[in-house]
Asker: 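For reference, the structure I am asking about is given below.
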Amino acid sequence: MSKKKSVFREEDFIPGIFNYCNSWCERCAFRLRCRNYAMAADEDGNPIDPHAEGGTEKIEENMRKAMDLLGNWAEDHDIDPEEFEQPDPEEMKEWQEEHDRELEDANEHPLGRHSLAYSDMAREWLDEHEDLIDRKVRRLQADKETHNDGARLANASEVAHWYVFMIHVKSHRALMGIADMHEDHWGTPVQSDANGSAKVVLLGAEESLSAWVVMTDLMPEVLDELMPILAQLQRVLVSLNSSFPDALKFKRAGFDDGI
């Protein structure tokens, strides 16, 4: 019996597309062109449940394929495979000291403080009001005249939940990359990892802001509770635009280059 043909094709993968995405694979139009997604998906392009029968084995098989591809790539480019082994202890020590300094700077930066405060405030409110949101969604969807509003509220809640941690994590990554923005390997500072990470934050924060506005519209009874969260998210956006004015100019593979 012939092996089932996979929906993933090597020639379709977009190099590096997963580096600056929001990791929301189920909503991504490029997931079948993403090697990262393919590593945890079956031949039909559906996510593999690691707890299902054969799930762990399939993921391990995909990991082995990835390592084989990496080895072949290194050989084709005359790269010593030992570069993928454990680094020199002294180099690791120097890297850790530099990392710690950058981490401290990022924690003290206004964007670092504002994004952490937002994540804490938003997560706490969403956790405390999960039942309230669910009841409101069901009530709206039960009525034909308000069914669409129920769907809007459900989506807004999902969006707010999705980005609640990512906004701070990606902000932190962007801040820790500031010192590296002018390194030659980026080609140009605009295309640095710092700007790429900042763009992910910017897009996620704007989408989150729209989601919170929907909640204020459809849940006016909690308007006063939501306003501080919106205000804090606005502080994130102001700090982000001030720290990374060229973030939107960053071209993400696949998403921004017309592939």
Side-chain angles (χ1 to χ4, degrees), residues 7-8 17-18 20-34 36-38 40-52 55 114-115 117-170 199-238 240 248 252 254-256 258-259:
V7 296
F8 298 104
I17 190 172
F18 47 81
Y20 303 104
C21 71
N22 62 10
S23 300
W24 209 337
C25 299
E26 65 187 69
R27 293 195 177 193
C28 182
F30 290 97
R31 61 182 176 273
L32 297 185
R33 304 190 66 184
C34 174
N36 205 41
Y37 176 74
D42 61 22
E43 289 81 358
D44 294 321
N46 300 312
I48 297 172
D49 181 358
H51 303 293
H114 289 321
S115 61
Y118 166 74
S119 291
D120 287 343
M121 292 170 65
R123 174 188 52 78
E124 182 178 357
W125 191 90
L126 289 167
D127 287 347
E128 290 181 356
H129 295 79
E130 184 175 359
D131 291 340
L132 175 65
I133 296 171
D134 287 343
R135 290 197 300 271
K136 188 69 178 246
V137 167
R138 289 196 300 271
R139 198 157 53 241
L140 290 170
Q141 290 185 327
D143 189 321
K144 185 163 61 174
E145 292 186 1
T146 59
H147 181 83
N148 288 340
D149 286 338
R152 287 176 59 218
L153 180 57
N155 179 70
S157 175
E158 192 173 1
V159 168
H161 274 93
W162 189 261
Y163 290 108
V164 71
F165 292 116
M166 187 180 298
I167 285 173
H168 176 59
V169 171
K170 291 293 187 180
K199 183 169 186 175
V200 174
V201 179
L202 184 61
L203 297 176
E206 290 177 344
E207 195 171 347
S208 297
L209 192 63
S210 296
W212 289 111
V213 169
V214 169
M215 284 194 267
T216 63
D217 181 40
L218 298 177
M219 301 177 67
E221 66 273 23
V222 294
L223 175 62
D224 290 341
E225 298 178 26
L226 294 181
M227 290 310 298
I229 297 176
L230 267 73
Q232 188 59 39
L233 186 53
Q234 185 62 32
R235 294 186 186 100
V236 171
L237 284 166
V238 170
L240 187 68
L248 281 180
R252 298 173 299 158
F255 299 105
D256 302 325
I259 292 180

Asker: If we check side-chain hydrogen bond (donor to acceptor under 3.5 Å, both in side chains) with Y163, which of these qualifies: E206, H168, E207?
Answerer: E207
Asker: Working to the nearest 0.5 Å, report the span between CZ of R135 and CG of D131.
Answerer: 6.0 Å
Asker: Going from CG on D149 to CG on D217, what distance comes out if it is rounded to the nearest 0.5 angstrom?
Answerer: 7.5 Å
Asker: How close do L32 and F8 get, counting heavy atoms only, and between which atoms?
Answerer: O-CD2, 3.5 Å
Asker: Heavy-atom distance under 4.5 Å between the side chains of L132 and V222, does that happen here?
Answerer: yes
Asker: Using side-chain heavy atoms (C-beta onward) and a distance below 4.5 Å, is L153 in contact with M219?
Answerer: yes
Asker: Can you sort out the partners of K170 under salt bridge (charged side-chain N to carboxylate O under 4.0 Å, His left out), two or more places apart, ordered by chain and number?
Answerer: none
Asker: Nearest 0.5 Å please: distance from the CD1 atom of I167 over to the CG atom of L203.
Answerer: 10.5 Å
Asker: For K199 versus D256, what's the shortest heavy-atom pair and its separation?
Answerer: NZ-OD2, 2.8 Å
Asker: Using a cut-off of 6.0 Å, state whether more than 12 heavy atoms not belonging to E128 lie near its atom CD.
Answerer: yes
Asker: Begin from the C-alpha positions of E225 and H129 and carry the test side chain to side chain contact (heavy atoms under 4.5 Å, CB included) through to its verdict.
Answerer: CA-CA 11 Å; E225 298 178 26; H129 295 79; 2.8 Å; yes
Asker: Could you state the interatomic distance from OG1 (T216) to CD (E221), rounded to the nearest 0.5 Å?
Answerer: 11.0 Å
Asker: Specify the closest pair of heavy atoms between C25 and R31, including all atoms of both residues, with the distance to one decimal.
Answerer: O-CD, 3.3 Å
Asker: Are any of the side-chain heavy atoms of E130 and D134 separated by less than 4.5 Å?
Answerer: yes
Asker: Would you check, one step at a time, whether the test side chain to side chain contact (heavy atoms under 4.5 Å, CB included) holds for R235 with V238?
Answerer: CA-CA 5 Å; R235 294 186 186 100; V238 170; 5.7 Å; no
Asker: Do the rings of W24 and W162 sit parallel, tilted or perpendicular, given the 30° and 60° boundaries?
Answerer: parallel
Asker: So, does S119 use its side chain to make a donor-acceptor pair with the main chain of S115 at under 3.5 Å?
Answerer: yes
Asker: In chain order, what residues pass the salt bridge (charged side-chain N to carboxylate O under 4.0 Å, His left out) check against E158, with sequence neighbours excluded?
Answerer: R27
Asker: Spell out, as yes or no, whether a donor-acceptor pair under 3.5 Å connects the side chain of S157 to the backbone of A154.
Answerer: no
Asker: Mind listing the closest non-hydrogen atom pair of Q232 and A117 along with its distance?
Answerer: NE2-CB, 3.6 Å
Asker: Check whether R33 reaches the backbone of F30 with its side chain - one donor and one acceptor, N or O, closer than 3.5 Å.
Answerer: no
Asker: Between M166 and S23, which heavy-atom pair has the shortest distance, and what is it?
Answerer: CE-CB, 4.3 Å
Asker: Distance check, rounded to the nearest 0.5 Å: L230 atom CG versus M121 atom CE?
Answerer: 9.5 Å
Asker: Which distance, rounded to the nearest 0.5 Å, do you find between the CD1 of I229 and the OG of S208?
Answerer: 11.0 Å
Asker: Any side-chain heavy atom of P47 sitting closer than 4.5 Å to one from Y37?
Answerer: yes
Asker: So which heavy atom on Q234 is nearest to which on L209, and how close?
Answerer: OE1-CD2, 4.0 Å
Asker: Is there a side chain to side chain contact (heavy atoms under 4.5 Å, CB included) between L126 and I133 once you walk through the steps?
Answerer: CA-CA 9 Å; L126 289 167; I133 296 171; 4.2 Å; yes
Asker: Counting C-beta onward and ignoring hydrogens, is there a side-chain heavy-atom pair between F255 and Y20 closer than 4.5 Å?
Answerer: no
Asker: Going through the distances and angles, do R252 and I17 end up as a side chain to side chain contact (heavy atoms under 4.5 Å, CB included)?
Answerer: CA-CA 7 Å; R252 298 173 299 158; I17 190 172; over 6 Å; no
